[in-house]
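What follows is a single structure, written as structure tokens, with notes after it.
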Amino acid sequence: MAKIEKSPEQWREQLTPEQYRVAREKGTERPFTGDYQVRDAQGIYHCICCHAPLFENEHKFDAGCGWPSFDRPLGRNSVEEHQDTSHGMVRTEVVCSHCDAHLGHVFPDGPPESTGLRYCINSVSLEFHPDE
């Protein structure tokens, strides 16, 4: 599938300033400020930029870190991972595989009884579709 590509101006027209800063400029929202910290409803989280399905609420857990955390993406091709050496750290960045929107990072400190991974995702990069 071809990547969705838009100019910065097109993304700015579509997104709020905070969504643009996080998703298109690789920013981070402040912890404990997002909409999707804990939610019990069934549904799918989609990319705020291209609406691609990314994460299932069933695989969400409270990591206590202040951002939505998942133990896995929805599918093998939902997200891509890239090495991130910004801010003097080495981390694994998570982006939408359809439009390269910055979503967050993945860490190896998730629930050991499942994948052992913690996909730490900015809630401003997501939109929740209940009952999907």
Side-chain angles (χ1 to χ4, degrees):
M1 184 167 140
K3 294 265 188 184
I4 296 169
E5 294 185 21
K6 295 183 181 184
S7 69
E9 292 76 23
Q10 290 171 309
W11 286 123
R12 284 185 208 281
E13 288 176 14
Q14 175 185 330
L15 303 170
T16 69
E18 179 70 352
Q19 289 168 338
Y20 184 86
R21 184 184 71 77
V22 172
R24 306 314 312 174
E25 296 180 330
K26 300 182 186 290
T28 301
E29 67 188 352
R30 290 184 331 204
F32 301 104
T33 62
D35 292 335
Y36 305 126
Q37 292 178 44
V38 177
R39 175 169 250 156
D40 294 329
Q42 290 303 106
I44 304 290
Y45 293 88
H46 291 249
C47 176
I48 197 66
C49 293
C50 71
H51 313 292
L54 300 173
F55 297 95
E56 191 171 10
N57 199 55
E58 177 182 330
H59 298 290
K60 188 168 177 293
F61 64 96
D62 185 0
C65 63
W67 293 278
S69 297
F70 303 86
D71 69 356
R72 69 193 78 176
L74 183 62
R76 197 174 70 223
N77 297 319
S78 299
V79 300
E80 293 177 1
E81 299 176 6
H82 306 286
Q83 185 179 35
D84 175 4
T85 58
S86 64
H87 306 292
M89 298 179 271
V90 177
R91 302 177 288 174
T92 303
E93 178 191 18
V94 179
V95 300
C96 173
S97 64
H98 303 283
C99 71
D100 290 332
H102 173 74
L103 303 172
H105 293 86
V106 61
F107 302 97
D109 61 358
E113 65 276 2
S114 63
T115 64
L117 298 174
R118 174 174 56 98
Y119 285 81
C120 185
I121 306 299
N122 290 288
S123 66
V124 74
S125 296
L126 301 173
E127 59 185 9
F128 184 67
H129 294 203
D131 299 322
E132 205 175 74

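Taking Arg72 as the reference, nothing meets the salt bridge (charged side-chain N to carboxylate O under 4.0 Å, His left out) condition, with sequence neighbours excluded. Every residue meeting the side-chain contact (heavy atoms from CB on, under 4.5 Å) condition with Ala63, not counting sequence neighbours, appears here in chain and number order: Phe61, Cys65, Ser69, Arg118. The salt bridge (charged side-chain N to carboxylate O under 4.0 Å, His left out) test applied to Asp100 returns Lys3, not counting sequence neighbours. Applying the salt bridge (charged side-chain N to carboxylate O under 4.0 Å, His left out) criterion to Arg12, with sequence neighbours excluded, gives no partner residue. Judged as a side-chain contact (heavy atoms from CB on, under 4.5 Å), and not counting sequence neighbours, the contacts of Arg21 are Glu18, Glu25. For Thr92, there are no side-chain hydrogen bond (donor to acceptor under 3.5 Å, both in side chains) partners, not counting sequence neighbours. Looking at residues two or more places apart in sequence or on another chain, you find a ring pair (Phe, Tyr, Trp, His ring centres under 6.0 Å) between His129 and His46. For Glu9, the side-chain contact (heavy atoms from CB on, under 4.5 Å) partners at least two apart in sequence or on another chain are Ser7. With sequence neighbours excluded, the residues that form a side-chain contact (heavy atoms from CB on, under 4.5 Å) with Leu117 are Val106, Thr115, Tyr119. For Lys26, the salt bridge (charged side-chain N to carboxylate O under 4.0 Å, His left out) partners at least two apart in sequence or on another chain are Glu93.
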- [ ] Report the C-alpha distance between Asn122 and Trp67 in whole Å, list the side-chain angles of each, state the deciding distance to 0.1 Å, and finish with yes or no for side-chain contact (heavy atoms from CB on, under 4.5 Å).
- [x] CA-CA 6 Å; Asn122 290 288; Trp67 293 278; 3.7 Å; yes

Open item on the list: Show, in sequence, the C-alpha distance, side-chain angles and deciding distance for Ser125 and Glu29, and conclude whether the side-chain contact (heavy atoms from CB on, under 4.5 Å) test is met.
Closed with: CA-CA 9 Å; Ser125 296; Glu29 67 188 352; over 6 Å; no

Task: Residues Leu54, Val79; criterion side-chain contact (heavy atoms from CB on, under 4.5 Å); working and verdict - done: CA-CA 7 Å; Leu54 300 173; Val79 300; 4.2 Å; yes

- [ ] Take Cys96 and His51, measure what side-chain contact (heavy atoms from CB on, under 4.5 Å) needs, and give me the verdict at the end.
- [x] CA-CA 10 Å; Cys96 173; His51 313 292; over 6 Å; no

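Closest approach of Glu80 and Ser97 over heavy atoms only: CG-CB, 3.7 Å. Nearest heavy-atom pair across Phe128 and Gln42 is CZ-O, 3.6 Å.
Remark: Ile48 CD1 to Leu126 CG distance equals 8.0 Å, nearest 0.5 Å. Taking CH2 of Trp11 as the reference point, atom SG of Cys99 lies at 4.5 Å (rounded to 0.5 Å).
In this structure, Leu74 belongs to a hydrophobic cluster whose other members, linked by side-chain heavy atoms under 4.5 Å apart, are Ile44.
Between His105 and Phe107, the angle of the ring planes lies from 30° to 60°, which puts this pair in the tilted group.
Side-chain contact between Cys49 and Gln19 is absent, with no heavy-atom pair separated by less than 4.5 Å. Side-chain contact between Tyr45 and Ser123: absent, with no pair of heavy atoms (C-beta onward) separated by less than 4.5 Å.
Applying the salt bridge (Lys or Arg N to Asp or Glu O under 4.0 Å) test to residues at least two apart or on different chains, none of the pairs has a partner in residues 47-59.
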